[in-house]
Asks: 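I'd like to ask you about the structure that follows.
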Amino acid sequence: MSFGFELLKKDEAGARLGRVTTAHGAFTTPVFMPVGTKATVKTMTPEELEDTGVDIILANTYHLYLRPGHNVIKDLGGLHSFMNWQGPILTDSGGFQVFSLSNLRKIDERGVTFNSHLDGARYTLTPENTVEVQEALGSDIIMPLDECAPSGADREYTVRSMNLTHRWALRSKAAKREEGPALFGIVQGGMFADLRRESAATLVEAGFDGYAIGGLSVGEEKDVMREMTYAAVEHLPEESPRYLMGVGTPEDLVLGVEAGIDMFDCVMPTRNARNGTLFTSGGKLVIKNSRFERDPEPVDPECACYTCSNYSRAYLRHLFMAGEILAMRLNTLHNLYYYTALMKDMQRAVREDAFGDFKKSFFGRLAALA
RNA sequence: GGGGCCGUAGUUAAGUCGGUUAUAACGCUGGCCUGUCAAGCCAGAGGGCGCGGGUUCGAGUCCCGUCGGCCCCG
């Protein structure tokens, strides 16, 4: 297997600089992975992703299994060839859909039975077939099936759910081909710090190529999310990559890196772009607001992206209000550029022993412009 | 000349046999979006019913007149 992680540097607070190697190339961490659920990061071509600085993307097992079907993709040479993205790909297992499509599924020891959100057809995801599907897709990093419990889950439910997730993780590991992709373990444990520690320790004992922290940013308070992150990280090995699943806002990313997280993914930059919210060095900007009707300035005067280099807020607002497809493209391009640039800034800060200063100026600027 | 239909938010319409603060959609304004069921979701503002009379306890709903638009017959 060609997967590897090298920890290049760690600062006193815990922020890390690292390097992940996969079968489809290497990338520096901390890294942000845009979400390309259905084998496309919505509105962007792979070339455009590369140009904005994207290193690795995420795709979804559940969605691709339903359509077009993993065997179709396998027959066409795998996901990389199919979608023309030659960089690393991480696939999520469908575990999040256990949570987000909770009204359409049933969980038992064997796995999760869904009614397809597309046509209602019933089918079952198990730890084993989830691994099989992800291997067929040709993913570089695969995730085991897990249960992402709701934020309000009580301790009894959470313990049961966590233990089930652990058993599924072991079954996933057993199902994986020897020379297959990298497999991460997913720490669960809800909003209970001791369960988070227990979950991390259990998975580390079993041994995985990397460790993800799942089940966060599901509606809990920010400080709870932080506490859970720290509780899990505490028991994760230095020499393995850590992935905080589904997170988050720019502020979350900075705090996550400080907590020692190496990888992140989130729909926020892409979805918010399509819904008219842009991220800037001065905070969020809702481009559809009427105050931008005649604003000739770029979205973020400090941004070097294609959108900011060529178009005014007034034009972007016009495109958005008119429902033009280009609005979503230009907005997505900007947000992804902002996110990847933020990660590169943090990499540089850790490399130069200046992460503390970076964090201070990052939050200072948001506060000053708020 | 005769007959008929239609005028209700910015727009297009719904308003039962007259009965609380006149509906909806789109548009507009604002907010939200965290391992994508998401070009999505939530909320808000906005009209007193073409105009003038009348009947009635009560009129967008009924009657009369009038203005505007459309249609049919001469």
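Below, chains carry the letters A, B, ... as their sequence lines are ordered, and counting in each starts from 1.
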Asks: Of all the nucleotides listed (B/C37, B/U36, B/A39), which has the minimum atom distance to the side chain of A/Leu58?
Replies: B/U36
Asks: Over how many whole Å does the gap from A/Leu336 atom CG to B/U34 atom C1' extend?
Replies: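 So the CG-C1' distance, A/Leu336 to B/U34, works out to 15 Å.
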Asks: Show, in sequence, the C-alpha distance, side-chain angles and deciding distance for A/Gln134 and A/Asp92, and conclude whether the side chain to side chain donor-acceptor pair (under 3.5 Å) test is met.
Replies: CA-CA 9 Å; A/Gln134 293 181 86; A/Asp92 187 26; over 6 Å; no
Asks: For atom P, what is the distance between B/U56 and B/G47, given to the nearest Å?
Replies: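 Each nucleotide's P atom is 32 Å from the other's.
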Asks: Contacts to RNA chain B from residues 22-35 of chain A, heavy-atom cutoff under 4.0 Å, which residues?
Replies: A/Val35
Asks: Using ring centroids (six-membered ring only for Trp), state whether A/Tyr123 and A/Tyr65 fall under 6.0 Å.
Replies: yes
Asks: Counting heavy atoms from C-beta on, name the nucleotide in B/C32, B/A38, B/A39 closest to the side chain of A/Ile325.
Replies: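 Nearest to the side-chain atoms of A/Ile325, counting from C-beta on, is B/A39.
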Asks: What does nucleotides 24-30 of chain B look like as a protein-contact string, B for base, S for sugar-phosphate only, - for none, at under 4.0 angstrom between heavy atoms?
Replies: ----SSS
Asks: Once you round it to whole Å, what is the distance between P of B/G35 and CE of A/Met268?
Replies: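 So the two atoms are 7 Å apart, to the nearest Å.
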Asks: Using a 4.0 Å heavy-atom cut-off, does A/Gly215 contact any base of the nucleic acid, only the sugar-phosphate backbone, or nothing at all?
Replies: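 It contacts base atoms.
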Asks: What is the distance, rounded to the nearest whole Å, between atom CG of A/Leu125 and atom P of B/C37?
Replies: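 Distance check: A/Leu125 CG to B/C37 P gives 13 Å.
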Asks: Over how many whole Å does the gap from A/Leu145 atom CG to B/G35 atom P extend?
Replies: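 The distance from CG of A/Leu145 to P of B/G35 comes to 17 Å, rounded to the nearest Å.
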Asks: Scan A/Thr43 against the nucleic acid and name what it touches under 4.0 Å (heavy atoms): base, sugar-phosphate only, or nothing.
Replies: nothing
Asks: Kindly point out which of B/G35, B/U36, B/U34 is positioned nearest to the side chain of A/Lys222?
Replies: B/U34
Asks: Taking B/C33 as the reference, what is the distance to B/G40 when you measure between their C1' atoms (whole Å, please)?
Replies: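 That atom pair is separated by 8 Å.
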Asks: Would you call the rings of A/Tyr211 and A/Phe208 parallel, tilted or perpendicular, where under 30° means parallel and over 60° means perpendicular?
Replies: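 A/Tyr211 vs A/Phe208 ring planes: perpendicular.
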Asks: Have a look at A/Asp119 and say if it touches a base, only the backbone sugar-phosphate, or nothing, with a 4.0 Å heavy-atom cut-off.
Replies: nothing
Asks: Which part of the nucleic acid does A/Asn272 contact within heavy-atom distance under 4.0 Å: base, sugar-phosphate only, or nothing?
Replies: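 Base contact - A/Asn272 has a heavy atom under 4.0 Å of at least one base atom.
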Asks: As a test of the definition: with a 90° window around 0 for syn, would you call B/G18 syn or anti?
Replies: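 Judged by the O4'-C1' to base torsion, B/G18 sits in anti, the angle falling more than 90° away from 0.
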Asks: Are A/Phe99 and A/Phe96 an aromatic pair by the rule of ring centers under 6.0 Å?
Replies: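 Yes: the rings meet the under 6.0 Å criterion.
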Asks: Give every residue pair that meets the side chain to side chain donor-acceptor pair (under 3.5 Å) criterion with at least one member in residues 184-206 of chain A, sequence neighbours excluded.
Replies: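 As it turns out, the side chain to side chain donor-acceptor pair (under 3.5 Å) pairs with a partner in residues 184-206 of chain A, which skip direct neighbours, are A/Asp146-A/Gln188, A/Arg155-A/Asp194, A/His166-A/Ser199.
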Asks: Could you check how far CD of A/Glu220 sits from P of B/G35, rounded to whole Å?
Replies: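 Taking CD of A/Glu220 and P of B/G35, I get 12 Å after rounding.
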Asks: Using a cut-off of strictly less than 4.0 Å, decide whether A/Arg271 has a side-chain nitrogen or oxygen near OP1 or OP2 of B/U34.
Replies: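 Checking B/U34 against A/Arg271, a side-chain N or O does come within under 4.0 Å of OP1 or OP2.
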Asks: Would you mind reading off the distance between A/Asn275 atom CG and B/G31 atom C1', rounded to a whole angstrom?
Replies: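 Rounded to the whole Å, the gap is 12 Å.
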Asks: Whole Å only: how far is the CZ atom of A/Phe96 from the C1' atom of B/C37?
Replies: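 Taking atom C1' of B/C37 as the reference, CZ of A/Phe96 is at 11 Å.
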Asks: Angle between ring planes, A/His117 versus A/His63, binned at 30° and 60°: parallel, tilted or perpendicular?
Replies: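 If you compare the ring of A/His117 with that of A/His63, the planes turn out perpendicular.
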Asks: Between B/G35 atom P and A/Leu244 atom CG, what is the distance in whole Å?
Replies: 11 Å
Asks: Quick test of your reading: applying ring pair (Phe, Tyr, Trp, His ring centres under 6.0 Å), list the pairs with at least one residue in residues 10-43 of chain A, sequence neighbours left out, ordered by first then second residue.
Replies: A/His24-A/His80, A/Phe32-A/Tyr339
Asks: Any stems for RNA chain B, made of 3 or more Watson-Crick or G-U pairs in a row, each with both distances under 3.5 Å?
Replies: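 Expected stems, ordered by start: B:1-7 with B:67-73, B:10-13 with B:23-26, B:28-32 with B:40-44, B:50-54 with B:62-66.
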Asks: Within the structure shown, what part of the strands sits under 4.0 Å from A/Glu293 by heavy-atom distance: base, sugar-phosphate, or nothing?
Replies: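 Since no nucleic acid heavy atom lies under 4.0 Å of A/Glu293, the category is nothing.
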Asks: How far does the P atom of B/A45 sit from the matching atom of B/G30, given to the nearest Å?
Replies: 15 Å
Asks: Any donor and acceptor pair, going by atom type alone, linking the side chain of A/Asp265 with main-chain N or O of A/Val35 inside 3.5 Å?
Replies: no
Asks: Would you say that A/Lys106 contacts A/Phe114 through its side chain, given a criterion of any heavy-atom pair below 4.5 Å between the two side chains?
Replies: no
Asks: Which value, in whole Å, describes the distance between the C1' atoms of nucleotides B/U8 and B/C51?
Replies: 14 Å
Asks: With the side chain counted from C-beta on, respond yes when A/Asp154 and A/Phe192 share a heavy-atom pair under 4.5 Å apart, and no when they do not.
Replies: no
Asks: Taking the side chain of A/Val286 as heavy atoms from C-beta outward, which of B/G31, B/U36, B/G35 is closest to it?
Replies: B/G31
Asks: Could you walk me through whether A/Asp295 and A/Arg317 pass side-chain contact (heavy atoms from CB on, under 4.5 Å), step by step?
Replies: CA-CA 9 Å; A/Asp295 192 334; A/Arg317 171 175 141 89; over 6 Å; no
Asks: With a 6.0 Å cut-off (strictly less than), is the heavy-atom count around NZ of A/Lys9, excluding the residue itself, greater than 12?
Replies: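 Enclosed.
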Asks: Would you mind listing every ring pair (Phe, Tyr, Trp, His ring centres under 6.0 Å) that reaches into residues 143-163 of chain A, with sequence neighbours excluded?
Replies: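 Not a single pair qualifies under ring pair (Phe, Tyr, Trp, His ring centres under 6.0 Å).
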